[in-house]
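Note on naming: letters A, B, ... go to the chains in the order of the sequence lines (proteins, then strands), and numbering restarts at 1 for each one.
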Amino acid sequence: MNKEQRQAIKHTEGPLLIMAGAGSGKTRVLTHRIAYLLAEKGVPPYNVLAITFTNKAAREMKERVHKLIPDPEKAERIWISTFHSMCVRILRRDINYLGYENSFSILDPTDQNSVIKGILKNRNIDTKQHHPRKVLSYISDKKNELIDGKTAISEAAGFTDGLYSEIYKDYQEILYRNSSLDFDDLIMLTIELFKKEPAVLDYYQNRFQYIHVDEYQDTNHAQYELVNLLSGKYRNICVVGDSDQSIYKFRGANIENILNFEDDYPDAKVILLEQNYRSTETILDAANAVIGNNTSRKPKNLRTERKGGKKIKTILADSERAEGQEVLRQVMELSKEYSYSDMAVLYRANSQSRAIEDAFVKGSIPYKMVGGMKFYSRMEIKDLMSYLKVIQNPHDDISFERIINTPKRGIGQKTVEKLLAYGSMNGISMYEAVMQADFVGIPKSAVVTLVKLDEMLQNLKEKSKYMSITELVDEVLEDTGYIDALEKEDTLESRSRIENLEEFKTVTREFDNENEISDDLLFNFLSDMALVSDQDSVEADSGVTLMTMHASKGLEFKVVFVVGLEEGIFPSQRVMYDEDELEEERRLMYVALTRAEDQLILSRADSRMIYGKTESNVQSRFLNEIPAELVDGEVVEIDSSKSKSPFQKSGRAHRRTPTVLTDNSGVTFKVGDKVAHKKFGDGIISNIKGEGDSKELDIIFTKEGPKRLLANFAPLEKKE
DNA sequence: TTAGCTGCAGTTTTT
DNA sequence: CTGCAGCTAA
């Protein structure tokens, strides 16, 4: 511990702001501070609260606190959780004060989208003029500002604003009727609850006498209010953050919250952590130089004892394909010195992962991708989840609409519309409308089907009371005929869906192992699932990590590649002429650079495909901001796919043909063939397109799911 | 009511 | 190039 860190740990009473630079050991400080509170100050564990933004951060903090506190029972009683899951716990107890059911559902963004689409349709609004995303971001902004529908309408200025505020009101009414909450509601309604029921607030104020907030620069207005309410009584609030790492403005984060902390709490103690324990001097010099170009910031300079260090390498490729190849080549070279899991490739947007991924697949380099194709957003998983949500909360129309005709049971759109109309006319949910199906004016056959569906759901609800989640999932898949329908379909796709459902059961089994059967079991499972992101599924196994720069925050790697450093890509086209947003973009660059411990490799492409068109951009201004003396020479990579043979590489002499590349040109593949891949294991070919060297195979792998590979170069073996 | 086709519009980052 | 919405045919 250095002097500042020790100070931060021992300053336990009153407001405390810790300005913690990247890699300055802030988690270490927080965990030790909690341990100090318990051990030295005799604070009971249930009086301590620590809030993070991500599940991963919460989990890590929990683990580290457990190591510091000898008594696991005690450590268990400290609340360490994300904003959102903390609010779920609070609302689960007392949301009925606000008129919602305690068995409320949590909407994911897809669900939100369908609610908005429904409203737009009802109001005959053109979705091209008023994109659902625009409307949703309007609503999210309002909720983050704690403005309700009514107020929004009265404050609206101009036509669009007026319209959106009306939609907001509709949206909120629908959610209320369905006892459904979106992510922003979790925060907003918790605040509403505290304001409406002072006794509830009082309970939590007394409960949480020592409050810690991680990544404080990322809090939005609602979260800021929430923290202030909770800490209002004892004022023992410790916030940690780094204004240079504020990269979530688009999501409502307000950097002023951290910058004005001293105004909010004039008696606040401020501690700066500038000692970096992660990166070499070279890396920090680069990062400091880049961030120094931001004008609206508090000056701060990270220092390190790791003097010198490897020079920064740069790559200039002539296409995004070539960029992938060169990254691949350097990864293989560096793999002599580092293991794959020590390396990461960072990019601005998820769509950029494709080229990198292709190169890695071809080169048989193990990698793990964060984000991108989301397991939980697959159709079959969403269907199953919808069944579970309806069992938990029958008023959840969004989920109910999804399952009412899944699998197909002859309930058409007309019937659904009538049920919805009947429901909204009588102020009831669709499920309640179903119970009154006789009066809705739908065909007799549909009524019979609906009665059967209702019986089945009732039955499943009974079962849910004594079954584990895994058992319940099995029952759902059986009783609803979902599995049957898939088995009957018997296509490559349906088989892959069945496998995904099997895969899902490993998640439920894990949950069942950690949780006893209780009345809260299904609720807890569903809220856990709603709040996990794909960020959390980053496993610790080996492989190069591929992810967005945003997702990389809080992580560190020995070697970091940053790709796509071109104007228009990074900084993104959309922010280039807005000074504030440009500064945010620069902070993102700062975050990316400071992830590296030993070695940075910065890459750009001369031209790349964007929406099928080839575009050229000059190199990113952020590259120009790095002092030349920190940078090694540049590697130039020519796109080999443009020459006749992919092995005939032009360019540099030192480049060797990667030996792992295989040549399948003698083998013919056809749809349905079973194959074995060096990394992905067994799979089956579902589609073939293209000719010659660019012939591609779509393969559904048993373990890894669907992938697209180049027929001639993927390390494949035909089976049987 | 459903499946299949065609045309169209869209790409930032996420708890 | 891709996913989605809306249309048409069965």
Side-chain angles (χ1 to χ4, degrees), chain A residues 51-58 81-88 106-110 112-114 117 120-121 126-129 131-134 136-137 140 143-144 181-187 214-215 218-220 222-223 246-253 346-354 370-374 377 379 405 407-417 443 445-446 449 489 527 530-536 547-553 564 568-576 581 584-585 587-589 591-592 608-615 689-690 696 708:
Chain A
I51 313 174
T52 65
F53 271 83
T54 65
N55 297 303
K56 197 173 21 164
S81 82
T82 64
F83 269 104
H84 296 270
S85 57
M86 173 181 82
C87 289
V88 169
I106 300 168
L107 265 57
D108 71 14
T110 324
Q112 290 178 282
N113 204 30
S114 34
K117 276 184 191 161
L120 292 175
K121 208 171 175 185
D126 182 16
T127 53
K128 274 155 205 157
Q129 248 185 336
H131 201 287
R133 274 174 61 165
K134 276 263 164 64
L136 274 171
S137 93
S140 178
K143 288 187 175 178
N144 289 338
L181 278 63
D182 63 22
F183 284 133
D184 300 318
D185 280 338
L186 294 174
I187 315 284
D214 195 11
E215 307 280 15
D218 286 336
T219 49
N220 62 32
Q223 288 158 338
S246 162
I247 53 173
Y248 283 112
K249 190 178 166 203
F250 68 92
R251 196 168 83 185
L346 310 182
Y347 34 80
R348 178 65 235 265
N350 272 310
S351 57
Q352 291 169 256
S353 66
R354 185 68 174 270
V370 183
M373 176 57 169
K374 290 164 190 187
S377 53
M379 195 201 327
N405 197 34
K408 306 255 177 312
R409 46 173 79 89
I411 306 287
Q413 208 185 320
K414 272 266 160 58
T415 305
V416 171
E417 272 168 24
S445 63
T449 312
E489 202 185 314
S527 33
L531 299 176
V532 294
S533 70
D534 297 298
Q535 310 291 314
D536 301 314
M547 64 178 146
T548 64
M549 298 180 214
H550 281 89
S552 74
K553 197 165 77 157
I569 303 288
F570 185 45
S572 157
Q573 189 71 48
R574 304 167 65 143
V575 309
M576 284 191 358
E581 299 214 56
E584 171 129 334
E585 207 79 345
R587 290 194 288 271
L588 187 55
M589 178 70 172
V591 168
R608 68 174 66 234
M609 289 271 255
I610 296 163
Y611 331 107
K613 271 211 200 112
T614 305
E615 298 197 357
K689 47 170 97 169
E696 287 178 319
R708 176 165 297 172

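- Tyr248(A) places its OH atom 6 Å from the P atom of dT15(B), with the value rounded to the nearest Å.
- Checking Ile610(A) against Thr82(A), the closest nucleotide of DNA chain B that is more toward the 5' end is the one next to Ile610(A).
- Side-chain contact between Glu584(A) and Val575(A): absent, with no pair of heavy atoms (C-beta onward) separated by less than 4.5 Å.
- In this structure, CD1 of Ile51(A) is placed 17 Å from P of dT15(B), rounded to the nearest angstrom.
- Close to dT14(B), at under 4.0 Å from its OP1 or OP2, lies a side-chain N or O of Thr548(A).
- Whole-Å rounding puts the Asp184(A) CG to dT15(B) P distance at 13 Å.
- For the P atoms, the distance from dC4(C) to dT13(B) is 16 Å, rounded to whole Å.
- Here the P atom of nucleotide dT15(B) and the CD1 atom of Ile247(A) are 11 Å apart, to the nearest Å.
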message: Checking Leu531(A) against Val88(A) for the side chain to side chain contact (heavy atoms under 4.5 Å, CB included) test, could you report, in this order, the C-alpha distance in whole Å, the side-chain angles of both residues, the deciding distance, and whether it holds?
response: CA-CA 10 Å; Leu531(A) 299 176; Val88(A) 169; 3.9 Å; yes
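- Residue-nucleotide stacking is present for Phe250(A) and dT13(B), judged by a side-chain ring centre under 5.5 Å from the six-membered base ring centre and planes under 30° apart.
- Across dT15(B), dC4(C), dT13(B), the shortest atom-to-atom separation from the side chain of Lys117(A) is found for dC4(C).
- If you measure from atom NZ of Lys121(A) to atom C1' of dA5(C), you get 9 Å, rounded to the nearest angstrom.
- Side chains of Glu581(A) and Phe250(A) form no contact here, defined as non-hydrogen atoms less than 4.5 Å apart.
- Residue contacts shown for Asn405(A) are limited to sugar-phosphate atoms, with no base heavy atom under 4.0 Å away.
- Taking atom CZ of residue Phe53(A) and atom C1' of nucleotide dT14(B), one finds them 11 Å apart after rounding to whole Å.
- Residue contacts for Arg133(A): at a heavy-atom cut-off of 4.0 Å it reaches the sugar-phosphate backbone alone, with no base atom in range.
- Phosphate proximity of dT14(B) to Asn350(A): present, with a side-chain N or O under 4.0 Å from OP1 or OP2.
- Taking atom CG of residue Asn113(A) and atom C1' of nucleotide dG3(C), one finds them 13 Å apart after rounding to whole Å.
- Residue Asp218(A) forms a side chain to side chain donor-acceptor pair (under 3.5 Å) with just one option from Gln223(A), Lys553(A), Lys249(A), and that option is Lys553(A).
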- request: Report the C-alpha distance between Glu215(A) and Tyr248(A) in whole Å, list the side-chain angles of each, state the deciding distance to 0.1 Å, and finish with yes or no for side chain to side chain contact (heavy atoms under 4.5 Å, CB included).
  value: CA-CA 11 Å; Glu215(A) 307 280 15; Tyr248(A) 283 112; over 6 Å; no
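- Distances were taken from every side-chain heavy atom of Thr415(A) (C-beta onward) to each of dT1(B), dT15(B), dT14(B); the shortest belongs to dT1(B).
- Regarding Leu120(A), its CG atom lies at a distance of 14 Å from the C1' atom of dA5(C), rounded to whole Å.
- For a distance-only test at 3.5 Å, the side chain of His550(A) fails to qualify as a donor-acceptor partner of the base of dT14(B).
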